[in-house]
Amino acid sequence: MDRIRMGIIGCGAVAQIQHLPNLRELDDQFEIAAICDLSDNLLKRVGDDFGVPADRRYSDLRALVEADVDAVIVCPSGTHAPATIAAAEAGKHALVEKPACFLTREARDMASAAERSGVVVMIAYMKRHDPAFKFALERVRGMTDVSFVQVNHLHPDNSLHTAEFRTHAAGDVDADDLESLRRDTNKLIDQALGLDAAPDDLRRAFTLVNGSLIHDIGNLHGMFGPPQRVLNTEIWLDGRAVTTVLEYGTGVRAVLNWVDLPELYDFKETLEVYGSRERVVVSFPTGFSRGLPTRVTISEIDGELNPSKRELEWHANPFKNELAHFGECIRDGRDPLTPASEIIDDVALVRDIIQAWTHPTDEGDG
């Protein structure tokens with residue numbers, strides 16, 4: 001196959017900082033063939049930056065998927081299910097950013113569309129392609145008594161990190177279109193939670209779990225598979241912080257924390273796996289970075305009860321590794337590491353995490 005002709009649906013920060021530069025750097029494998037966005041400003045400025053001809057810039061995603069492209073990266077605002085399904089039905093492969101969707105029905109529809117059309121639909125869990133995560137995964141699989149897992153995801157405002165890059169903002173999307181997108185998204189969240197109108201803090205918590213903590217859910221899925229159940233959840237800071245405890249069939253407990261710390265520049269995302277004689281800790285950089293390392297710390301005790309500790313780091317860009325894997329799957333007819341079917345379990349887990357919290361009422365404990 002010649003270079004894979006790629007279309008980008010959604011030209012926001014992650015497309016400008018990661019996907020489009022990576023496609024350009026891998027130009028022996030990929031061609032930036034078309035872009036799509038609701039913003040005319042982004043279409044012009046991003047199109048000019050990345051050499052996309054004016055007649056290959058679309059405001060309608062269906063026009064893009066019907067154009068002369070082989071595959072798309074799906075990263076607009078809101079649910080990505082309609083664009084993914086439209087691409088699959090047009091015979092186009094799709095790399096689907098998070099949040100992929102909000103409902104298990106949407107997730108099943110995406111997986112079904114991929115199967116019917118025989119195309120690759122891959123969920124963009126880029127951290128699963130990080131060599132540091134792969135190293136940690138092999139270490140964890142060699143542990144015989146994993147009993148405790150902890151995830152800490154302390155998240156500053158994205159603007160603190162995107163400001164380090166030259167990016168373009170939309171600014172020209174019609175206010176009615178933005179309001180319609182907000183209403184549609186809230187309606188999907190309400191459906192997911194089985195509520196007529198979810199409180200704002202629940203919607204906020206669902207959004208952060210589905211859009212950010214989902215990275216950690218994907219990592220745990222890769223290590224242990226789906227959990228057996230959600231034991232409990234606490235939501236606080238008006239929905240800007242979540243702690244949840246997951247139970248795995250092997251007896252493992254995983255405690256996941258996501259906290260919004262908007263003004264603190266330092267980003268912290270760690271995955272810690274504990275056994276009785278070994279601890280494996282992975283520390284991830286923000287996704288809005290290029291060249292920052294992912295670190296793995298191994299602490300263990302040998303047969304003579306001598307403790308040791310070593311730290312390793314990798315600088316490979318997991319987004320670029322993910323893109324290369326996507327291309328290999330298209331060329332070789334291989335199943336992707338993170339197929340569309342995986343998001344069915346993960347979006348169901350997002351729902352279960354939020355539903356595990358008993359929302360307080362104004363009536364007291366009753």
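Counting begins at 1 with the first residue of the sequence.
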Presence of salt bridge, [Y] and [X], under 4.0 angstrom:
| X | Y | answer |
| --- | --- | --- |
| E138 | R141 | yes |
| R5 | D68 | yes |
| R295 | E311 | no |
| D48 | K44 | yes |
| D190 | R203 | yes |
| K127 | E322 | no |

Next on the checklist: Testing L202, I189, T233 one by one against I354 for a side chain to side chain contact (heavy atoms under 4.5 Å, CB included), which residue passes?
Outcome noted: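 With I354 as partner, side chain to side chain contact (heavy atoms under 4.5 Å, CB included) holds for just one option, L202.
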Checklist entry - What do the steps show when you test M110 against R108 for side-chain contact (heavy atoms from CB on, under 4.5 Å), and what is the final call? => result CA-CA 5 Å; M110 287 194 297; R108 287 192 295 268; over 6 Å; no
Can you check whether [Y]'s main-chain N or O pairs, donor with acceptor, with [X]'s side chain at less than 3.5 Å?
| X | Y | answer |
| --- | --- | --- |
| Q355 | L193 | yes |
| D37 | C11 | yes |
| D352 | V230 | no |
| Q18 | G287 | yes |
| R139 | I298 | no |
| S117 | V119 | no |

Checklist entry - Is it true that atom CG of D196 has more than 12 heavy atoms of other residues, nucleotides or ligands lying nearer than 6.0 Å? => result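 It does not: D196 CG has 12 such atoms or fewer within range.
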Next on the checklist: Quick check on R62: does its CZ atom have over 12 non-hydrogen neighbours (other residues, nucleotides or ligands) under 6.0 Å away?
Outcome noted: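 Open.
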Checklist entry - Side chains of N22 and R290: do they bring a donor and an acceptor to under 3.5 Å? => result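 Yes, a side-chain donor-acceptor pair sits under 3.5 Å.
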Please tabulate, for the side chains in residues 212-225, all donor-acceptor contacts under 3.5 angstrom to protein atoms that are two or more places apart in sequence or on a different chain.
unit_1: S212; atom_1: OG; unit_2: W258; atom_2: NE1; d: 2.9
unit_1: D216; atom_1: OD2; unit_2: H153; atom_2: ND1; d: 2.7
unit_1: H221; atom_1: ND1; unit_2: D346; atom_2: OD1; d: 2.7

